[in-house]
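One is the number of the first residue; the rest follow in order along the sequence. Computed from heavy atoms alone, side chains included, the values below leave out hydrogens, waters and symmetry copies.
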Amino acid sequence: MLPSYENEMNICRLLCLFVLFVVTVGCQKSKPVSPKTAVSKPTVSNETLNEVLNEMAQTIHPQSKVHVATAQPNRPLRPVKDKEDRGTLRLGHDNCFYIELDNGEKVLPVLTATYSSPESLSFWYKKAVGKKIVGSALDSAIDLTPLEDNGWLTLPPSYQCNKLRVQPYWNLELYAKSAEFSSGEERISIIDPQITSLPKSNTKIAYIGGYSYPAVFDFVDDPFAEGELFIKKDCLYIRFTDGHVAMLVFTTQRTYWQDAKKALRASGKDWFLGQRYVFQIYSDHGSGGNDLTSHLVTADREMINPPHYLSCNTKQVHTVKAIYQPAEYAQEKAAHDAKVKALEKAARDEKVAGRNPAIPVPVISKDILNEQAQVTQPQSKVHVASYISGGGGVLVYPVGGKDACVHLHECEIGRLRLGSDNCYYLVLDNGDKVLPILLWGYGTPQKLAEKYNSWLGKKIKAYYGNHDLDLMSEDYNLSNIGWVTRPPHQQCDISKVHQYYSFDLYNDDSTTDEAVNPPPNEVDDTFSSYSKHDSKWPYIAVYNTGLMQSDGGGDAFLVNRPFEEGQLFTEKGCLYIRLKNGKVALPVFGTQRTFWNDAKNTLRASGKDWQLGKAYFFGISEGEAYDYNRDLGNVIVEPHLSCNTKKAHYVHNIYRVSEYKQKVAAFKILRKAEETTYSAELDSSIAAFDDEVREAVHAAFDEKIQAIEAEYAAKVKVIEAASEIERKAEEQVANRRKQVQ
């Protein structure tokens, strides 16, 4: 006779199997919408079906005594389509959710990153039926039919739903038009993040598919670490070979603990305690892991099975993408190393044309060349620190289409090349050769070359900026004050130029060889107007957009960034600001072409001279002055070691007092004009009615505003209540740990 505990577990398993079978198979009996959309059920044996149903039940509603935390990957592992799907959520007669797209097509959605539990999804998605939703569609290369595919958290749609096209989604959200958002619409999660428990309901659970993609062997972006699984107080942990211990959240496929085998089941394989495995971990978890104790409410909603907070140590948590046997890992790595070396050799051997010598070299004045040299290699007696402001005021044009990248970041993919003119180029996957201009990540010519030489021939993710720039225009000509490096006009091919926030290595199913490729021995020496010291290093352009835009692009910072009145002064060769409130700060300027002009004894910034002892308004970083961090990646000139860096402030704008007051007044007038225009539009829309109707419409509008304010207040109360739940849970965890100790 079995012990009572095992009897209870078997009963629970049978109940879970029954519920899952009713939810996923019972809806096959529902009346089809039409003969054309009737269910075409795949043929499988009862033995296979029962085995899969048992695994799914254990994955979604585990009954084992060992706690295993699981989740779907929190970012898509496949490229996102060039445009989002928009439509209306519906619930069919087959009890399956489907989306009626705006183009008239009907699709069955499958969640690939936000699946939690059938009960929760059914409850919240039923509330969203009939509403407009938007989804980030994945261009899936995986066959979504086989029942045996370990990625399925539910039975595939073909087993229970009317036959429609199956579309995987990274996320689905409600949306509505809204003038309050720059995008013109507001997006809202279908599942309310503040509701932690659902009301009891006897209604039938509606179906939406859940699928977890397998991990990609990503040797570039993800760390791999060896370790052993072990159990302590019914919680599953890993002990890494370096000695540190962490709790695990698995995004592996169909993951649960097997009491009978005393093994973890993940991605179709058994993983045993005490054996050495190689774990592929999310790159954003660092060496010590994440702390989940401060995310008790939000983490639960994002997981299939949250950790057991009262008994498991959630202070150090790693999310595991994949598990490998050591020999399997070594084989994978060797195969990918061989593949990438072959690709990179072919890429390095390919020649890329540089600047067309037939095109005349534009002329730049010596004065401008001297100013540019002062920006990066200052020789003045007063030390001035500067940085790149990070693309402020730059219009963003998403690339989309086949150049869209993973992780929902818009970017272009291509290989880095070195032209015969000694300039770096990006040869995109569509065949275009573009000259890249970086808005971030400045370094000396030597440091930039050392970094990018090691990337020659490799796949690059180039994150978006302005594309197809005209470098002969006023905004980007040789004399433009935004250039941090020498302008590329005289040396490089500027026929096709793209501007990027940053570069990153891109792993297309291959590892990378980090060996530095030496720069070419022969360099075209036709270009005599730039520094001989710099000419020996391959060239890449860096541009600082700053925030002082001629078109007013930076004026929005008048209201959402602090401005302080103050005066510039020097002390022991360092430039400081004495603010009107008496505080002193070391400025680090994000303004364009910033340096100290010894001849005029003035600060030169954004094309203007700024004098000592004169009052100006400075747009500074929020909060109190801070201790300067020398590990930033966007610095042009570091503060001198002799200067006091304990009280530093970023300065993104400078205005003369009268100019600042004029801009503030103009901004207020602009805002008032917008409000008046809105009111006029409202009046014109009801012009055909009498005054009584117009007053009623205005009253209705005021009532709507009050309703929005009341809704906001209610949400604040919910958030406060959720915070109180977190606080109490943290107290319980702390008390339990004290008892254990």
Side-chain angles (χ1 to χ4, degrees), residues 366-389 392 479 481-484 544 546-550 554-555 557-558 561-628 630 632 635-664:
K366 289 184 178 180
D367 289 341
I368 292 177
L369 283 174
N370 289 335
E371 282 195 359
Q372 289 173 349
Q374 287 291 332
V375 172
T376 57
Q377 299 172 344
Q379 304 297 320
S380 65
K381 61 183 180 182
V382 176
H383 303 301
V384 176
S386 60
Y387 77 104
I388 298 176
S389 58
S479 302
I481 58 176
W483 295 110
V484 179
N544 179 19
L547 293 175
M548 297 187 73
Q549 306 286 312
S550 58
D555 289 350
F557 288 86
L558 290 169
R561 291 286 179 90
F563 273 79
E564 295 280 352
E565 188 176 352
Q567 298 179 0
L568 296 170
F569 73 96
T570 60
E571 184 176 289
K572 297 180 180 178
C574 298
L575 183 66
Y576 298 97
I577 299 174
R578 181 176 288 107
L579 301 176
K580 195 172 182 179
N581 60 15
K583 295 182 179 180
V584 171
L586 176 76
V588 182
F589 293 95
T591 45
Q592 294 176 309
R593 195 175 292 171
T594 306
F595 61 95
W596 185 259
N597 189 327
D598 282 336
K600 294 183 177 181
N601 202 37
T602 58
L603 173 71
R604 185 72 175 171
S606 296
K608 298 178 181 179
D609 293 321
W610 308 93
Q611 300 174 358
L612 299 175
K614 191 171 182 178
Y616 300 114
F617 271 92
F618 298 89
I620 62 175
S621 48
E622 296 185 61
E624 295 294 324
Y626 61 94
D627 191 354
Y628 179 76
R630 291 187 178 274
L632 299 176
V635 175
I636 301 172
V637 178
E638 295 273 11
H640 197 269
L641 294 175
S642 63
C643 302
N644 183 0
T645 59
K646 296 294 184 182
K647 297 289 185 181
H649 258 306
Y650 287 120
V651 175
H652 52 76
N653 253 346
I654 313 174
Y655 288 119
R656 293 181 173 84
V657 175
S658 58
E659 183 185 16
Y660 174 75
K661 290 180 178 180
Q662 288 173 3
K663 283 186 173 290
V664 170

> For His383 and Cys643, which heavy atoms make the closest approach, and how far apart are they?
Replying inline: CB-SG, 4.2 Å
>> Is the shortest side-chain heavy-atom distance between Val584 and Lys647 below 4.5 Å?
In response: no
> Does the side chain of Ser386 reach to within under 4.5 Å of the side chain of Phe595, using non-hydrogen atoms?
Replying inline: no
> Can you find a heavy atom in the side chain of Val637 that is under 4.5 Å from one in the side chain of Gln374?
Replying inline: no
> Roughly how far, to the nearest 0.5 Å, is the CG atom of Leu575 from the CG atom of Leu612?
Replying inline: 7.0 Å
>> Set out, in order, the CA-CA distance, both residues' side-chain angles and the distance that settles side-chain contact (heavy atoms from CB on, under 4.5 Å) for Leu603 and Asn597, then state yes or no.
In response: CA-CA 6 Å; Leu603 173 71; Asn597 189 327; over 6 Å; no
> With side chains defined as the heavy atoms from C-beta onward, is the minimum distance between Phe569 and Gln567 less than 4.5 Å?
Replying inline: no
>> Parallel, tilted or perpendicular, judged at 30° and 60°: which one describes the rings of Phe563 and Tyr655?
In response: parallel
>> Would you say that Thr591 contacts Trp610 through its side chain, given a criterion of any heavy-atom pair below 4.5 Å between the two side chains?
In response: no
> Hey, does Tyr616 have a side-chain heavy atom less than 4.5 Å from the side chain of Arg656?
Replying inline: yes
>> Looking at every heavy atom in both Asn544 and Gly590, which two are closest together, and how far apart are they?
In response: ND2-O, 3.3 Å
> Leu586 versus Asn644: any side-chain heavy-atom pair under 4.5 Å?
Replying inline: no
>> Run Ile481 and Lys608 through side-chain contact (heavy atoms from CB on, under 4.5 Å) and show every step you take.
In response: CA-CA 10 Å; Ile481 58 176; Lys608 298 178 181 179; over 6 Å; no
>> Looking at every heavy atom in both Ala615 and Val657, which two are closest together, and how far apart are they?
In response: O-CG2, 3.5 Å
> What distance do Ser606 atom OG and His652 atom NE2 have between them, rounded to the nearest 0.5 Å?
Replying inline: 12.0 Å
>> Would you call the rings of Tyr387 and Tyr650 parallel, tilted or perpendicular, taking 30° and 60° as the class edges?
In response: tilted
> Are the side chains of Pro587 and His649 in touch, meaning some heavy atoms are under 4.5 Å apart?
Replying inline: no
>> I'd like to know if the side chain of Gln611 and the backbone of Asp609 have a donor-acceptor N/O pair within less than 3.5 Å.
In response: no
> From His640 NE2 over to Thr645 OG1, what is the distance, rounded to the nearest 0.5 angstrom?
Replying inline: 12.0 Å
>> Using side-chain contact (heavy atoms from CB on, under 4.5 Å), reason through Trp483 and Ile368 one step at a time and then give a plain yes or no.
In response: CA-CA 11 Å; Trp483 295 110; Ile368 292 177; over 6 Å; no
